[in-house]
Every structure is written in structure tokens, then in C-alpha cells.
Amino acid sequence: MPRPFRFGVNLLNAAPAAEWRAKCRRAEELGYDVILVPDHLGMVAPFPALVAAAEATERPRLGTFVLNAGFWNPALLAREVATTDALTGGRLELGLGTGYVPAEHEAAGLPYGSPRERVDHLRRTVEELERLLGSADHEPRPVQARVPVLIGANGDRMLRLTAEHADIAAFTGARPGNTPGSLEPLGADELDERVARYHAAADRADPAELNLLIQLVAVTDDPEPALKPLLERQAGLALDEALALPLVLAGPLDRIVAKVRAQRERFGFSYLTVLEPFMEAFAPVMERLRAESA
């Protein structure tokens with residue numbers, strides 16, 4: 001049997017306290033299972049934002065999507081994770097990645113490093129967090145016996161790390177672009193190969209949940225205007241090719257729902273994350289999928 005669907009929204013935009021709490025409550029009202037925050041300079045600080053989200057809501061899980069490991073010392077991060085899990089009543093899910101924007105490291109006065117160095121640092125961070133948070137002597141203590149770990153991955157070494165340590169394997173559906181900090185979408189066949197590479201590295205009794213970050217949602221009979229910015233950024237990408245991208249959900253509601261189901265069947269993606277600008281647009285997709293599963 002396929003895993004039941006879960007749906008998350010990544011809240012990107014900082015807001016005053018009342019507005020932040022209101023949009024967290026709105027995410028809960030729409031039916032999102034997870035409220036997420038990123039880890040970029042110029043956006044919300046992850047852990048205080050999640051504590052505020054917990055105070056405003058009752059049901060959703062709360063997560064980072066994803067922390068830039070290069071910003072964090074593992075011992076200090078363990079303290080943040082344990083404290084946040086305690087203050088949110090055990091609702092935390094910890095998303096981790098290597099970071100991909102050199103300018104943010106420069107602005108923070110932190111080394112960016114080579115791809116190998118960034119993956120090595122993430123591995124050390126994950127392993128040290130497991131050691132510290134798994135120790136009965138660590139203070140403060142999280143509420144959960146294990147805070148679920150999500151790792152965002154695409155490259156071979158990252159997929160091996162994810163296969164070894166992650167409770168949730170998050171696929172970006174994109175590769176680094178030619179410009180630093182940019183991403184280029186993967187086609188379905190390319191993503192198929194990445195998922196297969198992950199499974200080849202995974203040897204575990206309890207398979208991880210598979211997540212896909214959706215970059216665009218447009219429920220419409222005429223998706224071309226919604227796709228125009230993507231087509232302008234990706235030279236040579238035709239409209240039909242853009243519509244077929246796994247990270248794009250654009251078209252009539254019935255067609256989007258069918259695509260989500262087909263991608264769960266093909267790739268195993270049962271946990272979908274959408275970006276804040278598409279929080280409202282994705283709501284009817286969630287509603288239809290849940291109604292069909294009832």
C-alpha cells in the first residue's frame with residue numbers, strides 16, 4: 001500500500017507577530033500537515049518562527065526546510081533542536097541541507113567551501129546531532145525520543161547520506177544552475193534516476209518517507225501565463241516540457257490531482273511541500289486528494 005499523503009507549506013516571508021500567527025492559523029485551516037520555514041538570510045529565523053507557529057496552531061507538525069548546515073555548529077544546533085522540540089510539544093521535524101547560496105555565506109562571514117567540504121560538514125552535523133540528542137545526559141532534552149530528520153538531497157554523496165540517516169528523504173527536483181545560487185529543474189527521467197540512486201543506497205527495515213518540493217502551483221484551464229516566468233528563466237524549455245516537470249503542478253484540477261497520484265506511484269512521493277505563494281492555490285488539490293482517499 002502507498003503511504004498516505006502529507007502536505008507541507010514553506011513560509012518564506014517575514015511578518016509582524018499577529019500576521020505571522022494568522023498565516024500559520026490559515027495554513028492549519030487549509031489542512032496542511034506541516035508548517036515549515038527555510039534558513040536563508042533575509043527570511044525568518046527558523047526556530048523562533050516555529051515556536052510562534054506552535055503557539056498559534058494545534059495540529060500541524062513544524063519543521064525546517066531546510067537548515068543550512070554551514071550556518072550551524074552541531075553542539076549549538078542540538079541545543080536549539082531540543083529546546084524547540086520541547087517548546088512546540090514534540091512537533092518538530094528537523095530538515096537539513098548543505099546550503100547552496102555562496103553570497104549568504106559571504107554576508108555571514110562564514111566559509112562556503114567546496115561541494116565535498118559542505119557534504120562532509122553536513123555528515124558531521126547529522127552524526128553529532130544523533131550522538132548528542134541520543135544521549136540521556138544531554139540537556140535540554142527534546143520531547144520526542146527521536147526528532148525526525150529530513151535531508152534535502154540530489155547529488156550522489158548526499159543521497160547516500162540521506163539513505164543512511166534520514167527519516168524523510170527530500171528531493172529538490174532540481175540541480176545547481178550555471179549561476180551561483182540558481183537551480184535548474186530536473187525532468188521526470190532524470191528524477192527517476194536520482195530516486196533509484198537513493199533506493200540503491202538505502203538498506204533499512206523502515207523505509208524513509210519521500211518528499212518533493214513543488215515550485216509552482218496553478219489550478220487553471222490556461223496554464224501558459226503562470227508558466228511564463230519559468231519559461232523565460234529556462235531558455236529552450238517548451239510549454240509542454242514545463243508542464244511535465246515533476247516540480248510543476250499547473251492545469252485543471254483533475255489533471256493536477258492525477259499527476260500527484262501518478263508521481264506517488266512512479267517515484268514514491270507521498271509528502272509534498274509547496275512554497276508560501278502557492279499555499280492557497282494548492283488547497284483544492286489537497287482537498288480533492290483527501291476526499292478520494294476517504
Side-chain angles (χ1 to χ4, degrees), residues 2-3 5-8 10 33-34 36-39 46 61-72 74 77-78 81 92-101 113-134 144-176 183-215 246-247 263-264 266-273:
R3 280 181 182 264
F5 283 114
R6 280 208 308 160
F7 304 107
N10 205 20
D33 300 291
V34 194
L36 300 153
V37 293
D39 188 17
R61 303 279 291 171
L62 306 157
T64 54
F65 199 90
V66 294
L67 289 187
N68 179 347
F71 287 172
W72 296 92
L77 180 55
V81 169
L92 181 64
E93 297 184 2
L94 179 65
L96 296 164
T98 61
Y100 63 93
V101 185
S114 67
R116 175 168 292 277
E117 289 170 334
R118 295 199 303 279
V119 175
D120 287 345
H121 177 70
L122 177 58
R123 177 175 286 279
R124 288 192 298 272
T125 299
V126 170
E127 292 175 348
E128 188 67 359
L129 284 173
E130 289 180 345
R131 185 186 72 80
L132 291 168
L133 296 177
Q144 299 176 91
R146 175 179 169 87
V147 175
V149 172
L150 174 152
I151 298 179
N154 185 61
D156 289 355
R157 294 185 69 225
M158 282 292 293
L159 290 172
R160 289 195 295 272
L161 175 61
T162 302
E164 294 169 18
H165 293 279
D167 303 285
I168 305 162
F171 290 80
T172 60
R175 71 170 75 84
L183 297 171
E184 294 181 357
L186 297 179
D189 289 344
E190 296 172 289
L191 186 55
D192 227 349
E193 188 275 333
R194 292 289 85 195
V195 174
R197 183 65 63 96
Y198 164 79
H199 284 302
D203 180 17
R204 53 201 303 171
D206 185 17
E209 186 177 30
L210 302 191
N211 170 278
L212 180 65
L213 174 60
I214 301 298
Q215 295 281 353
L247 51 68
Q263 292 193 158
R264 182 174 64 173
R266 177 174 180 177
F267 305 107
F269 297 133
S270 59
Y271 176 15
L272 302 183
T273 300

Determine whether a donor-acceptor pair (N or O, by modelled atom type, separation under 3.5 Å) exists between the side chain of [X] and the backbone of [Y].
X: R118; Y: G113; value: yes
X: Q263; Y: F269; value: no
X: D33; Y: G8; value: no

Next item on the list: Let me see the working for H165 and V149 under side chain to side chain contact (heavy atoms under 4.5 Å, CB included), right down to the final yes or no.
Entry: CA-CA 8 Å; H165 293 279; V149 172; 5.7 Å; no

Checklist line | side chain to side chain contact (heavy atoms under 4.5 Å, CB included) against E184, all qualifying residues, sequence neighbours excluded | finding: R175, N178, Q234

Measure across [X] and [Y] and return the closest heavy-atom pair with its distance rounded to 0.1 Å.
X: L212; Y: F171; answer: CD1-O, 3.5 Å
X: A69; Y: H121; answer: O-NE2, 2.8 Å
X: V66; Y: L150; answer: CG1-CD2, 3.5 Å
X: A169; Y: T162; answer: CB-CG2, 3.5 Å
X: P46; Y: D39; answer: CG-OD1, 3.7 Å
X: L132; Y: A78; answer: CD1-CB, 3.8 Å

Would you give the length of the straight line joining atom [atom1] of [X] to atom [atom2] of [Y], rounded to the nearest 0.5 angstrom?
X: R3; Y: L210; atom1: CZ; atom2: CG; answer: 7.5 Å
X: L161; Y: Y198; atom1: CG; atom2: OH; answer: 11.0 Å
X: N10; Y: I214; atom1: CG; atom2: CD1; answer: 12.5 Å
X: R116; Y: R157; atom1: CZ; atom2: CZ; answer: 4.0 Å
X: E93; Y: Q144; atom1: CD; atom2: CD; answer: 7.5 Å
X: T125; Y: L67; atom1: OG1; atom2: CG; answer: 10.0 Å

Margin query: Less than 4.0 angstrom from a charged side-chain N to a carboxylate O is my criterion; do D189 and R194 meet it?
Written below: no

Checklist line | Worked verdict on E193 versus R197 for salt bridge (charged side-chain N to carboxylate O under 4.0 Å, His left out) | finding: CA-CA 6 Å; E193 188 275 333; R197 183 65 63 96; 3.2 Å; yes

Minimum side-chain heavy-atom gap [X]-[Y] below 4.5 Å:
X: L94; Y: L129; answer: yes
X: D167; Y: R146; answer: yes
X: T172; Y: L213; answer: no
X: I168; Y: V34; answer: no
X: R266; Y: P246; answer: no

Next item on the list: Taking side chain to side chain donor-acceptor pair (under 3.5 Å) as the test, write out the residues that go with R264, two or more places apart.
Entry: none

Item checked: Those residues that, when tested against T273, pass side chain to side chain donor-acceptor pair (under 3.5 Å) (two or more places apart) -> N211

